[in-house]
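Below: the structure, in structure tokens.
All values reported here derive from a predicted model rather than from experimental measurement. Throughout, numbering of the chain's residues begins at 1 and tracks the sequence.
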Amino acid sequence: RSKKEGREESLSKLKSKRKSRSKKERESSKAKKKKKRRSKSRKNSKASPLRKRLRSEALENFVSNVRDTQNILCKSSSQANRTSRTKMLSLSGHDQRKTVRGLVANESDSENERKRAEAELERRNLINVTIQSFDDLVVALVRCSDELELSATFRKKDSAKKITNVDALRGILSYTASLNTAFGEIKPVLLTLYDEGEAMENTKEGDCLQRINDLVQMLKTTVQSVSDTQEWTALAETCFVSLIEILQLTSVEFKCVHEELPEEEWVSTPQLQRVWTASNHGDHLKLLETEGSEDRQMFLLIVSEVISQTEKWAPPWDDVKHAFSLSPYGSDFDAGRSYGPAADVPMAAIELLDKIKGEPLPRAGLVARVLRKLIPSSTDDLLSLVTPSDDQSIFTTDTSSRASTTRQRGGNVIAISSIPEKTDDPNALGVGGVGKTILAALIASKEEVRRQYTGGVVWLNVGNRERANGNGGWKYESYCTFLLSVCRQLKLRERPTFARMIRIPGEIDTARERREQLLMAEARDAVSGLFRGRRGTVLLILDGVSKNQDIDLFRFRWGRKKLCDIVVTTRYDSMLMVNDTIEVDLLSMDEGLQLLMAESDSPPDHVMASSIEAKSIVRECANHPLAIKYVGRWLGLKHATAGVINSVEEIHEDVATALERISAATVSSDYQDSGDMLFEIVGQSLSPAVDGEPTQAIKLCFAAFVLVFCKGVDVLPSIPFEAANMLFEKLLKVEAQYLFGQ
């Protein structure tokens with residue numbers, strides 16, 4: 001028994017020794033594999049410099065700086081709340097011991113205490129909002145940094161297709177140190193105001209803080225735009241760096257106002273000089289150094305002028321105006337200098353805006369860009385000091401990029417176009433139905449525009465002429481009709497007399513066209529002569545322009561003096577000779593939802609607006625205003641029959657079905673066209689289901705209506721309703737087998 005126990009004990013020791021040895025071997029093997037992976041990772045990181053941690057030290061400092069400030073303010077806020085509650089309890093107990101006479105005597109003191117508490121709450125709220133804006137900016141920058149790191153981690157070495165624009169993300173992140181510097185200027189002041197409970201008795205102090213908040217919001221929007229579009233152009237960098245420059249300037253001003261120090265002289269930073277020089281704003285930079293160095297208001301005006309020229313990157317002008325503390329749309333207009341009575345809004349613009357359900361989409365950014373082209377800014381008053389002559393400006397006109405900033409009165413042509421249908425084709429037409437005409441109507445209704453163009457605002461729909469004449473050219477009689485419309489809208493006392501176009505038998509077409517051109521030139525000169533004694537410049541809006549001839553025929557002048565500015569809406573901007581072009585893009589998601597709610601007769605804050613189905617509808621309509629408008633009307637009709645919830649779901653399914661039909665038609669070999677989204681959506685809406693199958697009844701009724709009622713484009717004959725009702729009832733009976741599949 002003792003021998004047996006000894007053998008078992010030795011076997012158990014041997015087994016435990018083997019287990020420990022195998023465990024060590026496994027751990028050693030794991031360590032070797034881990035070491036091998038680390039060495040491979042180091043090797044890859046040395047081979048690819050993007051493999052390293054891409055959140056820079058400047059970004060880390062900025063993040064920690066903002067977050068530490070937030071934590072300090074949170075602690076101070078909780079402590080202040082406890083102190084306030086204790087004070088209120090003690091005051092309430094003390095008030096209970098007071099007599100009525102004492103309470104009445106101290107009523108004024110209580111009112112002062114209440115006002116003081118409200119002022120303290122308002123001050124703390126403004127500080128919290130500003131810190132939150134900086135935190136939002138930090139989140140946007142961190143998102144760019146993380147995206148850059150992910151693209152570096154998962155990018156293949158031989159991948160030719162780059163989904164992420166690394167240069168764009170690096171460019172936006174390279175200015176983090178400047179943002180941290182600006183925040184460092186205001187951080188101690190904010191903590192002092194928050195902790196010590198100092199009131200912002202100086203109005204300028206509160207204004208500075210509000211402007212800082214607005215600037216940070218615009219910077220955050222720019223960062224998000226760069227991250228979403230993956231673009232980093234010279235214009236984007238110019239806008240971003242200019243906003244940072246004003247943020248740094250305002251931060252120093254805020255500090256000086258709080259500490260009651262004299263205003264420091266501000267010199268433009270090297271990064272602003274570098275970026276402006278690279279984006280061909282060297283003339284603005286010279287003006288900034290000569291005039292802006294001594295005059296703070298002029299410095300802000302020049303920077304705002306440059307920002308307004310950054311096209312789609314420029315923030316809305318109202319936001320820039322408030323953040324820069326500028327007077328709107330030029331100092332002369334806002335200083336009260338009279339330009340005479342405002343011109344009338346054209347009747348065509350009024351009719352267009354009246355057809356819109358509710359309020360039109362503001363499109364504030366686009367409106368501001370057009371206004372900046374039409375209405376001179378305050379920097380133009382300074383140009384006479386630095387320009388060699390009255391006719392030329394240091395801000396030269398670049399016809400190739402159409403980046404004109406010249407503010408000469410008369411002769412300017414501004415085109416409102418749209419994004420091209422095909423991005424790879426330089427001669428492609430612009431997308432139709434995106435709101436060019438509505439934007440022109442908004443411009444014509446603006447009081448600033450009508451006060452600037454006291455000579456009058458004229459609206460001509462030249463697109464109707466093209467549909468009437470077929471070949472797109474001008475006929476003399478049609479042109480004279482448009483000239484008479486100009487005279488009528490301007491309320492000219494005299495009416496021009498035009499020569500008659502005599503038809504010569506056997507005259508060849510080229511000779512007749514040449515004679516028509518001469519007569520049209522004489523007619524234009526006759527109308528120009530009536531402008532000669534008229535005070536103020538005229539704004540002429542031409543809707544539906546397709547050729548340069550459409551513009552040239554309305555360039556009224558007397559000698560060398562040009563008598564009007566022209567705004568045109570067109571899909572042919574690549575073929576037109578204009579000074580500036582404003583491109584109208586598709587709607588954003590928020591604008592699309594706003595339009596969908598308005599067209600479906602729902603309030604903007606309806607719960608449907610935040611649903612997944614509503615957002616999918618906007619997305620499936622490709623954010624196209626005309627498609628969203630039609631689907632919104634369709635949705636409003638469905639509310640009555642299916643209810644709010646079911647109607648949204650059904651519309652979503654119908655739009656998806658229409659898109660599937662387009663995809664199937666595109667894939668089909670016997671189908672040449674790629675399909676039209678709006679056509680398919682309209683077809684789907686006019687094909688209601690009967691017994692689960694779509695019917696063509698409504699389409700046939702519309703076709704019959706057009707055939708019977710419409711003799712021409714604008715002529716609707718008077719047909720009794722009973723006759724129309726009998727017609728449709730007869731159609732439903734006779735064509736039942738085609739309509740309902742019987």
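In terms of modelled atom types and a separation under 3.5 Å, the side chain of Ser64 and the main chain of Asn61 share a donor-acceptor contact. Checked by atom type and distance alone, the side chain of His281 never pairs as donor or acceptor with a backbone atom of Val275 at under 3.5 Å. Within the 3.5 Å criterion, the main-chain N or O of Val545 finds a donor-acceptor partner in the side chain of Thr570. At least one donor-acceptor pair closer than 3.5 Å links the side chain of Thr229 to the backbone N or O of Ser225. Judged by distance alone, with hydrogens and angles left aside, the side-chain atoms of Glu185 form no donor-acceptor pair with the main-chain N or O of Ser251 at under 3.5 Å. Side chain of Asp543 to backbone of Thr569: no donor-acceptor contact under 3.5 angstrom is found. Of the possible polar contacts, one joining the Asn548 side chain to the Met575 backbone as a donor-acceptor pair under 3.5 Å is found. For the pair Asp550 (side chain) and Ser546 (backbone), a donor-acceptor distance under 3.5 Å is present. Between the side chain of Arg450 and the backbone N or O of Ala343 there is at least one donor-acceptor pair closer than 3.5 Å. Side-chain atoms of Glu591 come within 3.5 Å of backbone atoms of Ser588 as a donor-acceptor pair (strictly under, hydrogens ignored).
The line from CD of Glu147 to OG of Ser145 is 10.0 Å long, rounded to the nearest 0.5 Å. One distance of note links CG of Asp135 with OG1 of Thr69; it measures 10.5 Å at 0.5 Å rounding. Between Thr238 atom OG1 and His284 atom NE2 the span is 11.0 Å, to the nearest 0.5 Å. Note that the CD1 atom of Ile414 and the OG1 atom of Thr581 stand 9.5 Å from one another [nearest 0.5 Å]. With values rounded to the nearest 0.5 angstrom, Leu539 atom CG is found 8.5 Å from Cys564 atom SG. To the nearest 0.5 Å, the span separating CD on Gln224 from CZ on Arg143 amounts to 7.0 Å.
The two residues Ala323 and Met218 have their closest heavy-atom pair at CB-CE, 3.4 Å. Of all non-hydrogen atoms in Leu353 and Pro360, the two that sit nearest each other are CD2-CG, 4.5 Å. Considering every non-hydrogen atom in both Gly206 and Leu126, the closest pair reads O-CD2, 4.0 Å. What you find for Arg363 and Val434 is that their closest heavy atoms are NH1-O, 3.6 Å. Across Ile307 and Pro315, no two heavy atoms sit closer than the pair CG2-CD, 3.7 Å. Considering all non-hydrogen atoms of both residues, Leu179 and Leu141 come closest at CD1-CD1, 3.8 Å.
Residue Leu249 is tested with Phe254, Phe324, Trp266 for a side chain to side chain contact (heavy atoms under 4.5 Å, CB included); the sole match is Trp266.
Thr269 and Gln248 are not linked by any side-chain donor-acceptor pair at a separation below 3.5 angstrom, with hydrogens and angles left out of the test. In this structure, a donor-acceptor pair under 3.5 Å is present between the side chains of Ser242 and Trp276. Side-chain polar atoms of Lys187 and Asn65 form a donor-acceptor pair below 3.5 angstrom. Side-chain contact annotation: Asn128 with Gln132, donor-acceptor N/O pair under 3.5 Å absent. Between the side chains of Gln217 and Ser133, at least one donor N or O lies within less than 3.5 Å of an accepting N or O. Looking at Gln271 and Ser178, their side chains do bring a donor and an acceptor atom within 3.5 Å of each other.
The environment of Glu260 atom CD is sparse: at most 12 non-hydrogen atoms of other residues, nucleotides or ligands sit within 6.0 angstrom.
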Tell me, with the steps shown, if Asp552 and Arg555 meet salt bridge (charged side-chain N to carboxylate O under 4.0 Å, His left out).
-> CA-CA 5 Å; Asp552 295 337; Arg555 290 182 186 268; 3.1 Å; yes
Going through the checks in order, is the side chain to side chain contact (heavy atoms under 4.5 Å, CB included) test met by Leu553 and Gln549?
-> CA-CA 6 Å; Leu553 288 175; Gln549 185 190 21; 3.9 Å; yes
Run the numbers on Leu587 and Leu361 for side chain to side chain contact (heavy atoms under 4.5 Å, CB included), then give the verdict.
-> CA-CA 10 Å; Leu587 299 179; Leu361 292 176; 3.8 Å; yes
Side chain to side chain contact (heavy atoms under 4.5 Å, CB included) evaluation trace for Val166 with Leu148 | CA-CA 6 Å; Val166 177; Leu148 183 63; 3.4 Å; yes
Under the side chain to side chain contact (heavy atoms under 4.5 Å, CB included) criterion, do Leu542 and Val567 qualify, and how do the steps go?
-> CA-CA 6 Å; Leu542 304 178; Val567 173; over 6 Å; no
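Among residues two or more places apart in sequence or in another chain, the salt bridge (Lys or Arg N to Asp or Glu O under 4.0 Å) test is passed with Glu237 by Arg274. Residues passing the salt bridge (Lys or Arg N to Asp or Glu O under 4.0 Å) test with Glu289, sequence neighbours excluded: none. Residues forming a side-chain hydrogen bond (donor to acceptor under 3.5 Å, both in side chains) with Glu253 (at least two apart in sequence, or on another chain): Arg211.
Classified by interplanar angle (parallel below 30°, tilted 30° to 60°, perpendicular above 60°), the ring pair Trp232/Phe240 is perpendicular.
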